[in-house]
Amino acid sequence: MCTSMRIRTDGDYAYREDAIERAADFYDCNKTKAVVSACEDVPRLVAAARQVLERDDLTHEQRQEIAETLSTRVTSFEGEKNVTVERE
């Protein structure tokens, strides 16, 4: 079991520092807890988004709008009859 972990934030990975700081601000906690909180939240949020996009009472246009709203730089949703999630 890992007892320590480091996240590179130098060079090409400098953007990670900003992302972690935004998460710490969002969760109002330290950076470590923010990373753990985000890791716990993301799978649940993706599952919830899939459930919403699979609802039968939404029009195709509504699905597309919701999918576009929920998509991020890393995770994209598509508002089709079959819901797909892509990760980069």
Side-chain angles (χ1 to χ4, degrees):
M1 176 184 240
C2 181
T3 59
S4 175
M5 185 178 294
R6 293 179 186 218
I7 298 174
R8 289 189 60 189
T9 57
D10 62 327
D12 290 342
Y13 304 106
Y15 71 93
R16 292 176 176 174
E17 182 69 26
D18 291 335
I20 293 168
E21 286 179 8
R22 283 193 307 274
D25 289 343
F26 175 79
Y27 288 108
D28 192 25
C29 62
N30 65 45
K31 293 177 186 178
T32 299
K33 185 169 180 173
V35 170
V36 172
S37 297
C39 290
E40 289 177 353
D41 282 352
V42 167
R44 290 184 178 133
L45 291 170
V46 169
R50 284 181 178 152
Q51 279 187 312
V52 168
L53 291 170
E54 291 173 352
R55 288 177 33 185
D56 291 334
D57 63 331
L58 297 174
T59 66
H60 180 67
E61 291 78 20
Q62 288 171 320
R63 281 189 182 92
Q64 285 182 307
E65 185 178 330
I66 292 167
E68 185 178 314
T69 300
L70 296 175
S71 292
T72 66
R73 181 181 63 81
V74 179
T75 303
S76 63
F77 295 90
E78 293 182 18
E80 299 175 357
K81 191 67 174 174
N82 297 320
V83 177
T84 60
V85 176
E86 297 178 16
R87 295 180 196 99
E88 291 181 15

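Throughout, numbering of the chain's residues begins at 1 and tracks the sequence. Heavy atoms only: backbone and side chains are in, while hydrogens, waters and symmetry mates are out.
Within 6.0 Å of CD in Glu21 there are more than 12 heavy atoms belonging to other residues, nucleotides or ligands. The local environment of CG in Asn30 is crowded, with over 12 non-hydrogen atoms from other residues, nucleotides or ligands closer than 6.0 Å. The 12-atom threshold is exceeded at CD of Gln62, counting heavy atoms of other residues, nucleotides or ligands nearer than 6.0 Å. Within 6.0 Å of CG in Asp28 there are 12 or fewer heavy atoms belonging to other residues, nucleotides or ligands.
The shortest heavy-atom contact between Ala23 and Ala34 is C-CB, 3.6 Å. When all heavy atoms of Tyr13 and Arg8 are compared, the pair lying nearest together is CB-O, 3.3 Å. Closest heavy-atom contact between Ser76 and Ser71: CA-OG, 3.4 Å.
In this structure, CD in Glu78 is found 13.5 Å from CZ in Arg63, a value given to the nearest 0.5 Å. Interatomic distance, CG of Leu70 versus CD of Glu65, reported as 10.5 Å (0.5 Å rounding). To the nearest 0.5 Å, atom CD of residue Glu17 and atom NZ of residue Lys31 are 3.5 Å apart. Expressed to the nearest 0.5 Å, how far CE of Met1 lies from OG1 of Thr3 amounts to 9.5 Å. Interatomic distance, CZ of Arg44 versus CD of Glu40, reported as 6.5 Å (0.5 Å rounding).
Here the side chain of Thr75 pairs no donor or acceptor atom with the backbone of Arg87 at under 3.5 angstrom.
Proximity of Arg22 to Asp18: side-chain heavy atoms (C-beta onward) are separated by under 4.5 Å at one or more points. With a 4.5 Å cut-off on side-chain heavy atoms, Thr69 and Phe77 do not count as touching.
In the hydrophobic cluster analysis, where Ile, Leu, Val, Met, Phe, Trp and Tyr join through side-chain heavy atoms closer than 4.5 angstrom, Val42 is grouped together with Leu53. Connection of Val35 to Val46 is not established within any shared hydrophobic cluster, with ILVMFWY side chains joined at heavy-atom distances below 4.5 Å, either directly or through further cluster members. A single hydrophobic cluster is not seen to contain both Ile20 and Leu45; linkage of ILVMFWY side chains at heavy-atom distances under 4.5 Å, directly or through other members, places them apart.
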